[in-house]
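Please read these numbers as outputs of a predicted model, since none were measured by experiment. Order of the sequence lines fixes the chain letters, A, B, ..., with proteins taken first and strands second; residue numbering starts at 1 for each chain.
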There are 2 protein chains.
Amino acid sequence: MGVHLNKINEFIDSLDEEVTEALTVVSDVKTFKKGDYLLRDGETCKKSYFIQEGTARKFYINDGKEITTEIYFPDDLAISFSSYVGQHPGREFIQALTDIKVSVTDYIVFAALKTKYSVLTELDLLLTEHYALWLEERLFELHTLNATQRYELLLSRDPQIIKNIPLTYIASYLSISLETLSRIRAKR
Amino acid sequence: MGVHLNKINEFIDSLDEEVTEALTVVSDVKTFKKGDYLLRDGETCKKSYFIQEGTARKFYINDGKEITTEIYFPDDLAISFSSYVGQHPGREFIQALTDIKVSVTDYIVFAALKTKYSVLTELDLLLTEHYALWLEERLFELHTLNATQRYELLLSRDPQIIKNIPLTYIASYLSISLETLSRIRAKR
DNA sequence: GTGTTTATTTGACTTAGGTCAAATGCCTGT
DNA sequence: ACAGGCATTTGACCTAAGTCAAATAAACAC
């Protein structure tokens with residue numbers, strides 16, 4: 001993961017002035033209040049949100065229960081992937097967990113920019129690869145680690161997560177019930 | 001899924017003669033015998049394998065047990081994704097389940113071709129998007145469906161899978177123990 | 001600050017699916 | 001056709017984690 005993120009950063013640093021400038025021009029900085037929805041169930045994800053400040057989450061509802069699938073921190077890119085790449089309505093919500101500041105880029109505008117600067121297709125590829133690697137890793141961890149190990153791993157990667165994020169979201173993100181996670185925590 | 005696959009096929013059909021020709025030139029048709037390994041644990045995945053005939057699987061070993069993560073049919077592209085994109089040693093095996101015929105393309109050669117024909121970067125992006133969508137779907141199904149539902153879903157998508165693929169691999173692919181899958185089958 | 005809502009913990013009980021072991025069925029090579 | 005080795009089934013038992021319900025604790029609004 002880390003390796004690939006470095007790749008992405010190096011790649012962005014290597015973009016020439018003109019492309020960087022063009023990207024800045026088409027992106028708007030916006031703010032959302034805690035609890036606000038950036039995207040709802042049934043909508044098409046027409047924008048990407050690059051988180052500058054604050055935290056957010058992505059979730060879907062199954063059987064009346066919210067399943068949190070991703071937790072965003074600064075420098076993360078928040079989109080509902082399937083809705084975004086297919087430009088069709090999706091089942092995911094994106095919600096601010098604190099007041100947040102994001103840089104917003106329109107799908108269509110970015111697509112146009114890719115045809116003008118093909119280096120942006122390479123960037124898109126790197127970002128998509130990064131997401132696929134993240135998904136693979138998540139699948140691997142869910143297969144091979146038990147509830148306690150998944151929680152410990154999350155803590156070791158992101159020690160500050162427990163301070164800021166409500167336990168329900170963390171539990172759901174780890175595919176653990178709230179009660180089980182609470183018991184795991186009681187034992188440390 | 002289907003939607004995106006159509007996109008990929010349309011895209012490939014729209015490639016111009018020169019690019020298609022160049023792709024053909026750099027790819028070798030090879031055959032493997034049932035049981036042969038196309039890739040092993042600890043090796044770097046330096047080639048992509050486009051399955052033309054037969055079936056194969058990808059797996060890793062955890063705790064001494066084989067976990068099958070993908071089953072390949074004709075027209076599928078077999079790679080160990082993380083090893084391939086990072087060009088570093090990986091933990092996955094790819095193994096022929098029958099005698100197979102594949103079209104083999106070298107990572108480096110394809111990378112070079114992408115710099116020459118940037119339309120191939122777009123193709124790479126589409127393929128990577130497709131893989132990420134597939135991973136998302138898999139994660140979703142593992143979260144929301146129980147063992148029986150996962151098996152029924154697999155059957156409905158791929159009715160011929162039970163005829164050809166040993167049950168152990170199917171069970172592992174569905175994250176079900178062999179015994180539980182056998183009991184599920186006994187009940188229909 | 002006080003009451004009200006929301007988050008977290010704790011307890012008692014249930015369950016889907018796993019594990020271990022043995023039996024049976026079914027290929028494959030000679 | 002038959003022996004030996006895989007593949008699948010069946011049985012008995014176990015366990016990690018889920019569910020439901022009630023008790024605290026923490027956060028928030030007024």
Carefully, step by step, assess A:Arg91 and B:Glu137 under the rule salt bridge (charged side-chain N to carboxylate O under 4.0 Å, His left out). CA-CA 12 Å; A:Arg91 56 190 170 210; B:Glu137 182 64 20; 3.5 Å; yes
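Once rounded to the nearest 0.5 Å, the distance linking CD1 of A:Ile176 with CD1 of A:Ile184 reads 4.5 Å.
B:Ile184 has its CD1 atom 14 Å from the C1' atom of D:dT9, to the nearest Å. At whole-Å resolution of the value, NE2 in B:His143 and P in C:dA16 are 20 Å apart. The CZ atom of A:Arg150 sits 14 Å away from the P atom of D:dA16 (whole-angstrom rounding). One interatomic measurement links the two molecules: CD1 of B:Ile162 to C1' of D:dA7, which rounds to 15 Å at whole-angstrom precision. In this entry the distance linking CG of A:Asp63 with P of D:dG18 reads 15 Å, nearest Å. Between the C1' atom of C:dA16 and the CG atom of B:Leu145 lies a distance of 15 Å, rounded to the nearest Å. Between A:Tyr151 atom OH and D:dA17 atom P the separation is 15 Å, expressed in whole Å. One interatomic measurement links the two molecules: NZ of B:Lys163 to C1' of D:dA7, which rounds to 18 Å at whole-angstrom precision.
B:Glu10 places no side-chain N or O within 3.5 Å of a backbone atom of B:Lys7 that could act as its donor or acceptor partner. Checking side-chain atoms of B:Gln95 against main-chain N and O of B:Lys58 turns up no donor-acceptor pair under 3.5 Å.
The number of heavy-atom neighbours closer than 6.0 Å to CD1 of A:Ile108, taken from other residues, nucleotides and ligands shown, is 12 or below.
A salt bridge does not link A:Lys34 to A:Asp99: none of the charged nitrogens lies less than 4.0 Å from a carboxylate oxygen.
Ring-plane geometry between A:Phe81 and A:Tyr131 is classed as tilted, the angle between the planes lying from 30 to 60 degrees on a 0 to 90 degree scale.
OP1 or OP2 of D:dG18 sits under 4.0 Å from a side-chain N or O of A:Thr180.
Within 4.0 Å (heavy atoms only), A:Lys65 reaches sugar-phosphate atoms of the nucleic acid but no base atom. The residue B:Ser175 sits close only to the backbone: its heavy atoms come under 4.0 Å of sugar-phosphate atoms, none of a base.
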Map every base of DNA chain C to its dot-bracket character, where paired means a Watson-Crick or G-U wobble contact with both distances under 3.5 Å and | marks a partner outside the strand. ||||||||||||||||||||||||||||||
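A cation-pi arrangement, defined by a distance under 6.0 Å to the six-membered ring centre and an angle within 45 degrees of its axis, is present between B:Arg138 and B:Tyr173.
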Enumerate the protein-to-nucleotides 7-9 of chain C contacts in which both atoms are nitrogen or oxygen and the separation is below 3.5 Å.
residue : atom : partner  : partner atom : Å
C:dT8   : OP1  : A:Leu167 : N            : 3.3
C:dT8   : OP2  : A:Leu167 : N            : 3.0
C:dT9   : OP2  : A:Ser182 : OG           : 2.9
C:dT9   : O5'  : A:Ser182 : OG           : 3.0

Let me have the donor-acceptor pairs involving side chains of residues 71-79 of chain B, under 3.5 Å, with sequence neighbours excluded, atom names and distances please.
residue : atom : partner : partner atom : Å
B:Tyr72 : OH   : B:Glu70 : OE1          : 3.4
B:Asp76 : OD2  : B:Phe73 : N            : 2.8

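Both B:Asn146 and B:Lys34 sit near DNA chain C, but only B:Asn146 has its closest nucleotide nearer the 5' end.
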